[in-house]
Amino acid sequence: MAVRPILKMGDPRLLQVSAPVAEFGTPHLLTLIADMEDTMRAAQGAGLAAPQVGVGSRVVIFGMERNPRYPQAEMVPYTVLVNPVLKAHWGRLEEDWEGCLSVPGMRGLVPRHRRLRYRGFDQHGKPIDREVAGFHARVVQHEVDHLDGVLYPTRIRDLSKFGFTEELFPGQDIQAD
Ligand code: NI
């Protein structure tokens, strides 16, 4: 297991559409996921998508117990999600602040669906089917966007709500990544 370098916005690999995983449980896939977990935890991220470590496969991980980058957010169980599909969503879009390990030191106000259902598989091919809301729904939408080459700044509706964490939230103990 190893911490891999995280690509930053501007790297064209972050703009590519990733390919579905064809085979589960392979050493290649398990090593990728173990390295992604090490990388995400080392950076104190809430989620990480394979393209962020330069791998164009439809694999994301996310989860949060207590995270200094998101002190207000609710808990999300640690999840490995392969070939995810967002199946349905309900209600209005809701705006909240997001950051991204590929856009270090910044936050933006991003509209997302408040409630949704998603499906996918774990690394061994076991199906996952969940209905979620709030921060869990937000983090899934953010990570699945990465698989389609979309970074959160392109979803911000009001660019006055995009900036450096320390300037947007002065005096708050939010890690500036
Ligand atoms: Ni991100």
Side-chain angles (χ1 to χ4, degrees), residues 3-21 32-86 89 93-114 116 118 120 130 132 134-159 161-166 168-169 174-177:
V3 172
R4 300 193 190 184
I6 298 175
L7 308 188
K8 294 199 183 108
M9 187 169 67
D11 189 308
R13 288 173 286 179
L14 290 170
L15 302 177
Q16 291 173 359
V17 177
S18 292
V21 170
L32 169 66
I33 289 166
D35 286 359
M36 286 173 65
E37 181 172 356
D38 286 351
T39 303
M40 181 180 83
R41 292 194 191 282
Q44 295 186 293
L48 190 71
Q52 292 181 276
V53 292
V55 177
S57 295
R58 299 189 81 81
V59 176
V60 304
I61 63 171
F62 53 85
M64 198 163 63
E65 286 148 17
R66 286 184 57 81
N67 188 323
R69 295 180 73 240
Y70 298 93
Q72 315 298 340
E74 60 251 51
M75 302 237 307
V76 178
Y78 176 71
T79 301
V80 173
L81 191 59
V82 178
N83 296 346
V85 180
L86 306 185
H89 52 79
L93 293 171
E94 181 177 74
E95 292 199 310
D96 207 347
W97 295 97
E98 290 185 20
C100 180
L101 296 173
S102 294
V103 191
M106 303 192 81
R107 291 290 186 279
L109 200 58
V110 182
R112 299 286 188 188
H113 298 292
R114 158 130 188 96
L116 61 85
Y118 67 87
R130 289 178 178 160
V132 298
F135 190 77
H136 190 153
R138 176 167 296 275
V139 79
V140 170
Q141 290 167 86
H142 177 116
E143 299 311 328
V144 171
D145 263 357
H146 276 295
L147 304 182
D148 294 323
V150 176
L151 297 173
Y152 82 82
T154 65
R155 294 204 180 274
I156 297 171
R157 290 192 284 210
D158 175 359
L159 283 170
K161 307 297 185 196
F162 179 48
F164 292 97
T165 310
E166 68 218 38
L168 287 164
F169 305 103
I174 297 174
Q175 186 178 322
D177 28 50

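When a ligand or atom number is given, it counts from 1 through the structure's own listing order. Remember, predicted model here, so these are calculated numbers, not experimental data.
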Report task. Report the residues that fulfil side-chain contact (heavy atoms from CB on, under 4.5 Å) with Glu95, sequence neighbours left out, ordered by chain and then residue number. Result -> Leu109, Pro111, Arg157
Query raised in the report: Do His142 and Glu98 have side-chain N/O donor and acceptor atoms under 3.5 Å apart?
Result: yes
**Report entry** Spacing of Lys8 atom NZ and Ser102 atom OG [to the nearest 0.5 Å]
**Finding:** 9.0 Å
Report task. Tell me, please, which residues at least two apart from Arg155 pass side-chain contact (heavy atoms from CB on, under 4.5 Å). Result -> Val110, Arg112, Asp145, Val150
Query raised in the report: Does Asp148 come within less than 4.0 Å of Arg58, counting only side-chain N to carboxylate O?
Result: yes
Report summary line: Atoms of type N, O or S from the protein that sit nearer than 2.8 Å to the Ni ion (ligand 1) number exactly 3
**Report entry** For Tyr118, ring pair (Phe, Tyr, Trp, His ring centres under 6.0 Å) partners two or more places apart
**Finding:** His136
